[in-house]
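To keep things clear, I will list the structure first and then write my remarks on it.
As the structure is a computational prediction, the values presented were derived from the model and not from experiment.
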Amino acid sequence: MTEVTVGTMPLVEVSIDEAIATITLNRPDKRNALSMTMVTELQAAFSGLPASVKAVILTGAGEHFCAGLDLSELKESSSAENIEGSMLWYEAFRQIQFGRAPVITVLHGAVVGGGLELASALHVRIAEETAYFGLPEGQRGIFLGGGGSVRITKLIGFSRVAEMMLTGHVVDAKEAHQIGLAHYVVKPGEGMKKARELAEKVASNLPLSNFAILNALPLIAEQPMTHGLFTESLMAAITQDAPEAKERVNAFLQKRANKVVLE
């Protein structure tokens with residue numbers, strides 16, 4: 001089926017092909033730097049997705065995924081306005097991370113500052129070999145303000161985050177894969193193909209299972225072991241009781257479903 005554009009805001013484009021939506025940051029002349037308007041449009045794009053969408057691909061137009069916060073918005077802002085700005089980012093990224101549809105992202109070119117903060121809120125990260133990752137806040141005299149001190153630290157540890165911020169160390173795609181910033185590395189121009197392949201797999205999962213993975217798994221990771229195990233048991237019981245899940249288990253037992261194999 002041909003992909004159809006269903007919504008175009010000035011800075012974010014949304015198109016849907018069957019169960020998969022593609023959302024594109026569309027400010028290539030600014031390397032897709034995130035202004036407050038762009039973050040608001042990004043939030044609206046995700047919240048406005050129809051129920052038929054089971055997986056999302058997020059990418060950036062042009063040569064870069066996202067070069068971070070639009071620093072021009074910091075020039076005249078007060079401390080109170082900066083806090084309000086962070087809260088806007090937090091809510092937008094929360095809706096993306098803990099939403100209904102898993103998000104697969106294609107990272108290319110700059111994945112810097114706020115761009116890396118956005119990427120860390122996404123569920124599957126594909127880095128093209130052109131991608132490079134940086135946290136230049138130390139050199140800018142500022143600090144992370146879009147949730148990165150929490151999310152990126154959970155991915156790679158506070159020591160690596162501190163080193164990147166202190167020294168301006170730029171991480172290439174290979175190192176990003178090694179330390180946990182990227183799940184896959186592909187050749188330039190092949191990111192969308194890989195994303196589509198993975199999105200089709202994700203979209204074929206049962207919605208309740210995907211919801212549990214997106215929402216219960218992060219909660220369990222924050223809980224003490226006894227609490228986490230209890231939460232896990234509840235989610236296991238709820239998902240396994242769904243008729244569609246029982247049918248899939250029966251299909252496997254009756255050898256009507258594929259076994260797990262190394263691809």
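- When only modelled atom types and interatomic distance are considered, S47 and Q95 share no side-chain donor-acceptor pair under 3.5 Å.
- N32 contributes a side-chain N or O that, together with a main-chain N or O of R27, makes up a donor-acceptor pair within less than 3.5 Å.
- Under a hydrophobic-cluster definition in which Ile, Leu, Val, Met, Phe, Trp and Tyr are linked whenever side-chain heavy atoms come within less than 4.5 Å, directly or via other members, L144 and I96 are assigned to the same cluster.
- Between K193 and E197 there is no salt bridge, since no side-chain nitrogen of the basic residue lies less than 4.0 Å from a carboxylate oxygen of the acidic one.
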Note to self: Between E137 and R140, is the salt bridge (charged side-chain N to carboxylate O under 4.0 Å, His left out) condition met? List the steps.
What the structure shows: CA-CA 5 Å; E137 283 73 12; R140 304 284 187 263; over 6 Å; no
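- Between the side chain of N210 and the main chain of P102, no donor-acceptor pair closer than 3.5 Å is present.
- Using a 4.0 Å cut-off between charged side-chain N and carboxylate O, E163 and R160 make no salt bridge.
- Contact check for T105 versus L118: no side-chain heavy atoms found under the 4.5 Å cut-off.
- Distance alone, capped at 3.5 Å, places no donor-acceptor pair between the D70 side chain and the M36 backbone.
- A side-chain contact (heavy atoms from CB on, under 4.5 Å) with I126 is found for exactly one of L107, V185, I104, namely I104.
- Salt bridge annotation for K194-E128: absent, with no cationic side-chain nitrogen under 4.0 angstrom from a carboxylate oxygen.
- Side chain of H123 to main chain of Q97: a donor-acceptor pair is present (N/O by atom type, distance under 3.5 Å, no hydrogens or angles).
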